[in-house]
Protein chains: 2
Amino acid sequence: MESAFGIIAEPNRRAILSLLASSERSVSEIEHQLRMPQPSVSKHLRVLREAGFVEARVDAQRRVYRIRPEPLMEVEAWLAPFRCFWSPHVDALERHLDRMGQTSHGKKKKEKKR
Amino acid sequence: MESAFGIIAEPNRRAILSLLASSERSVSEIEHQLRMPQPSVSKHLRVLREAGFVEARVDAQRRVYRIRPEPLMEVEAWLAPFRCFWSPHVDALERHLDRMGQTSHGKKKKEKKR
DNA sequence: CAGGTATATGACCTAAGCGGTATATACCTG
DNA sequence: CAGGTATATACCGCTTAGGTCATATACCTG
């Protein structure tokens with residue numbers, strides 16, 4: 001997995017990161033809150049750890065994971081040159097997110113021009 | 001390709017987007033500037049277009065592509081909860097990016113160093 | 001030490017995605 | 001209309017990543 005972008009392409013990994021954003025958690029906490037099988041959690045955590053997104057603290061048998069911000073800052077940095085497109089479209093984002101929210105997978109064939 | 005994150009996981013697609021960030025371009029312009037085969041460019045542009053990252057304007061035989069910001073805003077929005085981690089680590093980003101620079105990447109594109 | 005809990009790893013399978021080549025379509029110019 | 005340029009698509013083979021199941025390792029407690 002080359003870059004930070006490849007790492008966060010995985011929905012479960014994003015879910016783990018979002019969960020850890022609020023506070024650090026043990027593997028089993030992640031497992032239960034996200035309702036995913038434990039080997040899968042461990043595997044994703046390994047990927048995240050090796051890519052520098054998280055780090056683990058040992059607490060008895062538990063490993064408590066927490067965010068490390070650098071790789072996400074890299075994403076943020078890549079995004080910077082596009083910021084100038086934001087301002088005319090601040091409202092458009094909400095419409096976009098709305099559309100994303102309800103239609104689980106709206107496939108569009110035809111493109112429209114304006 | 002489920003989400004916007006999956007789309008930008010591809011390095012060539014990120015390169016195309018970064019190129020379009022400065023100004024709109026035709027397919028052949030992208031092809032030459034990024035030195036990638038034309039079918040590959042068209043294929044990536046299709047993915048980007050169907051995901052809403054770009055749109056095309058027809059100009060004779062050319063298709064001129066330009067950025068549409070919504071999906072990138074979605075990424076930005078997802079990133080927001082992690083911003084609170086930034087401030088103590090502003091300097092750490094540079095060290096991180098330096099390390100990234102020397103990792104083995106067979107491909108080198110026109111990367112700009114901060 | 002035994003037994004239990006927490007986490008990591010390995011093997012296997014499947015599917016998706018990318019690169020490459022060849023070809024099709026669209027449009028322009030003379 | 002012919003020939004040329006610009007772009008899109010179809011097909012194929014390969015690699016890789018993710019899910020699942022089984023098992024291994026680590027640590028705690030009685």
Side-chain angles (χ1 to χ4, degrees), chain A residues 1-17 19-20 24-51 53-66 71 104-105 107-113, chain B residues 1-17 19-20 24-51 53-66 71 103-109:
Chain A
M1 181 79 37
E2 335 90 55
S3 71
F5 298 87
I7 306 290
I8 62 173
E10 227 290 324
N12 293 313
R13 283 198 287 264
R14 287 201 304 282
I16 292 176
L17 289 174
L19 193 59
L20 294 180
E24 56 178 29
R25 321 252 173 168
S26 72
V27 177
S28 53
E29 283 171 331
I30 299 171
E31 174 190 350
H32 294 123
Q33 303 211 23
L34 298 184
R35 301 226 178 116
M36 51 192 300
Q38 178 268 319
S40 187
V41 174
S42 279
K43 220 166 154 189
H44 285 307
L45 282 172
R46 165 133 112 140
V47 174
L48 289 169
R49 186 173 5 102
E50 291 182 341
F53 282 82
V54 300
E55 63 186 351
R57 167 172 60 89
V58 178
D59 169 42
Q61 320 101 311
R62 324 221 161 167
R63 312 288 170 99
V64 180
Y65 281 85
R66 62 168 167 267
S104 62
H105 235 108
K107 249 294 199 152
K108 320 202 72 156
K109 274 356 225 169
K110 294 295 155 202
E111 289 288 324
K112 79 291 162 254
K113 328 258 180 310
Chain B
M1 180 79 36
E2 338 86 57
S3 73
F5 298 88
I7 307 289
I8 62 173
E10 226 292 324
N12 293 313
R13 283 198 286 265
R14 286 201 305 281
I16 292 176
L17 289 175
L19 193 58
L20 294 180
E24 56 178 30
R25 321 254 173 170
S26 71
V27 177
S28 53
E29 284 172 330
I30 299 170
E31 175 190 349
H32 294 123
Q33 302 211 24
L34 298 185
R35 301 227 178 116
M36 51 191 301
Q38 178 268 320
S40 186
V41 174
S42 279
K43 218 165 153 191
H44 285 307
L45 282 172
R46 166 133 113 138
V47 174
L48 289 169
R49 186 173 4 103
E50 291 182 343
F53 282 82
V54 300
E55 64 187 349
R57 166 173 59 90
V58 177
D59 170 42
Q61 319 101 310
R62 323 221 161 166
R63 311 287 171 100
V64 180
Y65 281 85
R66 63 167 167 268
T103 58
S104 63
H105 269 143
K107 298 201 95 159
K108 50 193 49 171
K109 307 240 110 59

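What's counted below: heavy atoms across the whole structure, side chains too, no hydrogens, waters or symmetry copies. In what follows, every chain begins at residue 1, and chains take the letters A, B, ... in the order their sequences are listed.
Distances were taken from every side-chain heavy atom of A:P39 (C-beta onward) to each of C:dT7, C:dC28, C:dT9; the shortest belongs to C:dT9. Among D:dA8, C:dG20, C:dT7, the nucleotide with an atom closest to any side-chain atom of B:R49 is D:dA8. Closest to the side chain of A:R46, from the set C:dT9, D:dT7, C:dG19, is C:dT9. Side chain of B:K43, nearest nucleotide from C:dT7, D:dT7, C:dC18: C:dC18. Here the side chain of A:S26 is nearest to one of D:dA8, D:dG19, C:dT7, namely C:dT7. When distances are taken from the side chain of A:H44 to each of C:dA8, D:dG18, C:dC28, the shortest belongs to D:dG18.
Between B:S40 and C:dG19 there is a side-chain N or O to OP1 or OP2 distance below 4.0 Å. Under 4.0 angstrom from either OP1 or OP2 of D:dA8 there lies at least one side-chain N or O belonging to B:Y65. For C:dT7, the OP1/OP2 oxygens have no side-chain nitrogen or oxygen of A:R63 closer than 4.0 Å. Contact between the side-chain N/O atoms of A:R62 and the OP1/OP2 oxygens of C:dT5 is not found at any separation under 4.0 Å. Between B:S28 and D:dT7 there is a side-chain N or O to OP1 or OP2 distance below 4.0 Å.
Atom CZ in A:R57 sits roughly 21 Å away from atom P in D:dA26 (whole-Å rounding). When the C1' atom of C:dG17 is taken as reference, atom CZ of B:R13 falls 8 Å away, rounded to whole Å. Atom-to-atom, CD of A:E31 to C1' of D:dT20 comes out at 14 Å; the value is rounded to the nearest Å. Here C:dG17 presents its C1' atom at 19 Å from CZ of A:F5, a figure rounded to the nearest Å. Whole-Å rounding puts the A:M36 CE to D:dT20 P distance at 9 Å. Atom CD in A:E50 sits about 11 Å away from atom P in C:dA8, given to the nearest Å. Separating the CG atom of A:L45 from the P atom of D:dG19 is a distance of 13 Å, rounded to the nearest angstrom. As a whole-Å value, the separation of A:R25 CZ from C:dT7 C1' is 18 Å.
Across all strands shown, C:dT29 forms a Watson-Crick or G-U wobble pair with D:dA2, both key distances being under 3.5 Å. The partner of D:dC14, taking Watson-Crick or G-U wobble pairs whose two distances both stay under 3.5 Å, is C:dG17.
When every heavy atom of A:H44 is checked against every heavy atom of A:M36, the shortest pair comes out as CD2-CE, 3.7 Å. In plain terms, the two heavy atoms of A:R13 and A:I7 that are nearest each other are NE-O, 2.7 Å. Residues B:R14 and B:A9 share a closest heavy-atom pair of NH1-O, 3.2 Å. Minimum heavy-atom separation, A:L20 to A:Y65: CD2-O, 3.5 Å.
Within the 3.5 Å criterion, the main-chain N or O of B:I30 finds no donor-acceptor partner in the side chain of B:R25.
Counting atom types as modelled, A:Q38 pairs no side-chain N or O with a base atom of C:dA6 as donor and acceptor under 3.5 Å.
The residue among A:V47 and A:Q61 whose nearest nucleotide of DNA chain D is located toward the 5' end is A:V47.
Side-chain contact between B:R46 and B:K43 is absent, with no heavy atoms from C-beta onward closer than 4.5 Å.
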